[in-house]
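Quantities reported herein were computed from a predicted structural model and do not represent experimental measurements.
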Amino acid sequence: MKNFSVVIAGGGSTFTPGIVMMLLDNQERFPLRKLKLYDNDEARQAILGEALAILLKEQAPQIEFSFTTDPEEAFSDVDFCMAHIRVGKYDMREKDEKVPLRHGVFGQETCGPGGIAYGMRSITGMLEIIDYMEKYSPDCWMLNYSNPAAIVAEACRVLRPKSKVLNICDMPVGTLRRMSQIIGKQPEELEVRYFGLNHFGWWTSVKDKEGTEYIQTIRDYVAEHGYLTQIEVDTQHTDPSWQDTHKKAKDLLALTPEYLPNTYLKYYLYPDYVYDHMKEHPEYTRSNEVMEGREKRVFDHAKKITAQGSAEGIAFEIDAHATFIVDLARAIAFNTHERMVMIVENNGAIANFPDDAMVEVPCIVGSDGPEALAQGKIPAFQQALMFQQVTVEKLVVEAYVEKSYQKMWQALSLSKTIPSAKVAKELLDDLVSENGDYWPGLS
């Protein structure tokens, strides 16, 4: 079996150690000869890089490991780039969540005005690492799971249409894990049918490999409990905000009881509920929860490993659910025809939806990339919601390309999360000010 060279773009991310541990845990399936971290924040990445260097020397000395801020060093001789960048880091995420609250609108990392702001920042960063990859390793594939995935995927479609970029999200993977817990199965035993946009979709079927359909059993559970399971609470240490999100799925199901909803739909169908919850503690949002929780935990852990000079007894946790990244890499490398939910250009997969929309549907993935499975026609309610949302995403990318204030105002005004064009304009002016040079100058 071939040994691979991988670069993780966003090496200073709190997710990087868990991804590295997952890669080490999957060496029999996806062996590595070289693993590199790349980030433009040298100091932040070095904290994790130094700890991981110690860990790999102890646990996988056969893998050549390095971390760097030099693009040529990072992207040369690479088979796969695993991208999870966050332009502006958590400081800007905090603004994404708190600036909208000033205008009576909720703030969230990937949805509504916060997601739009983050999307505008992310496009430049994504294009930069795609260009580095293509310059130094033209045959490399990028496995992109950076947020906000919908806007990033649309930008790649428009601005880098021939690039070898695969867009995938962990949300369908995480929800399938909860579904499997509900019915007492393993996620790999199940196959789903699903349609939508990223963070904006519905499951229409959940079957095991023998063809037994479980969607009604799961619906019955979700109607009472949402997707929250005791296993997740006990073993995954799910943060309170996520527990609330998983429980809220029962209200989403009540609106469209024929399908199982993506939990992120709460931001579009119950924005008043989300805002009312956020305004109770406007100074403490999800970004603060992450900074005081996962970020502190991961970086403290790294510092302990470096101080001790060994990872013995204090190794990082394995990000087990991120095995979908290895599944995707293996599908490309070994032509495994893995079935995965991915973000791809529609091209008829959803029969009554625009061909150039970036949709999220099950795909068969082989060495040439993903091939979308046909989901047929979708109901008018979902079609209309999706068309509104995909138009928002397209307008954001057009605003970026054209540096158009007008297009961005239209995008925010069209968003289901913002009550009026007046509020949208006031919010836009605030976002322009707060994002500064992270955004292209709009006129």
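Side-chain N/O atoms of T69 and E42 include no donor and acceptor closer than 3.5 Å. E289 and S241 are linked by a side-chain donor-acceptor pair at a separation below 3.5 angstrom, with hydrogens and angles left out of the test. In this structure, a donor-acceptor pair under 3.5 Å is absent between the side chains of T306 and Q308. For the residue pair N144 / N167, a side-chain donor-acceptor distance below 3.5 Å is found, with atom types taken as modelled. For the residue pair D77/Y136, the side-chain donor-acceptor check at 3.5 Å is not satisfied. Side-chain contact, E73 with S66: no donor N or O sits under 3.5 Å from an acceptor N or O.
Looking at N435, its side chain does come within 3.5 Å of a backbone N or O of L431 through a donor-acceptor pair. With hydrogens and angles ignored, the 3.5 Å screen pairs a side-chain donor or acceptor of S180 with a backbone N or O of R177. Of the possible polar contacts, none joining the N262 side chain to the L265 backbone as a donor-acceptor pair under 3.5 Å is found. Between the side chain of S310 and the backbone N or O of E312 there is at least one donor-acceptor pair closer than 3.5 Å. Distance alone, capped at 3.5 Å, places no donor-acceptor pair between the T14 side chain and the R294 backbone. Of the possible polar contacts, none joining the E191 side chain to the V206 backbone as a donor-acceptor pair under 3.5 Å is found. Here the side chain of S122 pairs a donor or acceptor atom with the backbone of Y118 at under 3.5 angstrom. When atom types are taken as modelled, the side chain of Q389 and the backbone of S415 share no donor-acceptor pair closer than 3.5 angstrom. Between the side chain of T16 and the backbone N or O of G11, at least one donor-acceptor pair lies under 3.5 Å. Remark: side-chain polar atoms of S146 are paired, donor with acceptor, to backbone N or O of A83 under 3.5 angstrom.
With sequence neighbours excluded, the residues forming a side chain to side chain contact (heavy atoms under 4.5 Å, CB included) with T245 are W242, T263, K266, Y267, listed by chain and number.
Listed here is the closest heavy atom pair of V298 and P17: CG1-CG, 3.7 Å. Of all heavy-atom pairs between M133 and C81, the closest is SD-CB, 4.1 Å. Closest of all the heavy-atom pairs between L252 and P261 is CB-CG, 3.6 Å. The shortest heavy-atom contact between K247 and L228 is CG-CD2, 3.7 Å. The shortest heavy-atom contact between M408 and I116 is SD-CG2, 3.6 Å. Across every non-hydrogen atom of I151 and G115, the tightest pair is CD1-O, 3.8 Å.
Around atom CD of Q62, more than 12 heavy atoms belonging to other residues, nucleotides or ligands sit under 6.0 Å away. Annotation for F387: atom CZ does not count as buried by contact number, only 12 or fewer foreign heavy atoms lying within 6.0 Å. Counted within 6.0 Å of CG on D70, heavy atoms from surrounding residues, nucleotides or ligands total more than 12; the atom is thus considered enclosed.
The side-chain tip of K57 does not point at the ring of F65 from less than 6.0 angstrom away and within 45° of straight on. Within the cation-pi definition used here (under 6.0 Å to the ring centroid, within 45° of the axis), R86 does not qualify as a partner of F15. Under the 6.0 Å distance and 45° angle rule, K36 does not count as a cation-pi partner of F67.
A perpendicular orientation is assigned to the rings of W202 and F200, their planes being inclined by more than 60° (bins at 30° and 60°). By the 30° and 60° cut-offs, the orientation of the rings of Y273 relative to Y270 is perpendicular.
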Just distance, no hydrogens or angles: give the donor-acceptor pairs under 3.5 Å from side chains in residues 92-102, sequence neighbours left out.
unit_1, atom_1, unit_2, atom_2, d
R93, NE, E97, OE2, 2.9
E94, OE2, K98, NZ, 2.5
E94, OE2, N288, ND2, 3.1
K95, NZ, E434, OE1, 3.2
D96, OD1, R121, NH1, 2.9
D96, OD2, R121, NH1, 3.4
D96, OD2, R121, NH2, 2.7
E97, OE1, T285, OG1, 2.5
E97, OE1, R286, N, 3.4
E97, OE1, S287, N, 2.8
E97, OE1, S287, OG, 2.9
E97, OE2, S287, N, 3.4
K98, NZ, E283, O, 2.8
K98, NZ, N288, OD1, 3.1
R102, NH1, D430, OD1, 2.9
R102, NH1, D430, OD2, 2.9
R102, NH1, E434, OE2, 3.3
R102, NH2, E434, OE2, 3.0

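With respect to the salt-bridge test (charged N to carboxylate O, under 4.0 angstrom), the residues K34 and D79 do not qualify. The pair E64-R33 does not meet the salt-bridge criterion, since no charged nitrogen lies less than 4.0 angstrom from a carboxylate oxygen. Between R297 and D300, none of the side-chain N atoms (NZ, or NE/NH1/NH2) sits under 4.0 Å from a carboxylate O, so this pair counts as no salt bridge. D39 and R44 are not joined by a salt bridge, as no carboxylate oxygen comes within less than 4.0 angstrom of a charged side-chain nitrogen. Looking at R330 and E338, no side-chain N of the basic residue comes within less than 4.0 Å of a carboxylate O on the acidic one, giving no salt bridge. Salt-bridge formation is detected for the pair D429/K425: a Lys NZ or Arg NE/NH1/NH2 atom is positioned less than 4.0 Å from an Asp or Glu carboxylate oxygen.
Of the inter-residue distances, the one linking Q375 atom CD with T204 atom OG1 reads 6.0 Å to the nearest 0.5 angstrom. Between I318 atom CD1 and D25 atom CG the span is 4.0 Å, to the nearest 0.5 Å. A distance of 10.0 Å separates CZ of F75 from OG1 of T68, quoted to the nearest 0.5 Å. For the atom pair L414 CG and K394 NZ, the distance stands at 13.0 Å (nearest 0.5 Å).
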- [ ] With side chain to side chain contact (heavy atoms under 4.5 Å, CB included) as the test, would you mind laying out the steps for M142 and I129 before giving the verdict?
- [x] CA-CA 9 Å; M142 179 178 288; I129 61 174; 3.7 Å; yes
Open item on the list: Let's go through F195 and V359 carefully: what are the C-alpha distance in whole Å and the side-chain angles of both, what is the deciding distance for side chain to side chain contact (heavy atoms under 4.5 Å, CB included) to 0.1 Å, and is it a yes or a no?
Closed with: CA-CA 7 Å; F195 71 86; V359 298; over 6 Å; no
Open item on the list: For a side chain to side chain contact (heavy atoms under 4.5 Å, CB included) check, start with the C-alpha distance between Y268 and C111, then their side-chain angles and the critical distance, and finish with the verdict.
Closed with: CA-CA 8 Å; Y268 301 95; C111 303; 3.5 Å; yes
- [ ] Apply side chain to side chain contact (heavy atoms under 4.5 Å, CB included) to the pair I305 and E50, showing each step before the final yes or no.
- [x] CA-CA 9 Å; I305 291 173; E50 289 167 6; over 6 Å; no
Task: Residue pair E393, T391: steps toward the side chain to side chain donor-acceptor pair (under 3.5 Å) verdict - done: CA-CA 5 Å; E393 293 159 5; T391 305; over 6 Å; no
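You'll find the ring centres of F80 and F30 inside the 6.0 Å limit. Aromatic ring centres of Y264 and H199: separated by under 6.0 Å. In this structure, the ring of F4 has its center less than 6.0 angstrom from the ring center of F334.
Of the residues D327, N335, L328, I168, the one that meets the side-chain contact (heavy atoms from CB on, under 4.5 Å) test with V365 is L328.
The closest side-chain heavy-atom distance from C363 to E371 is not below 4.5 Å.
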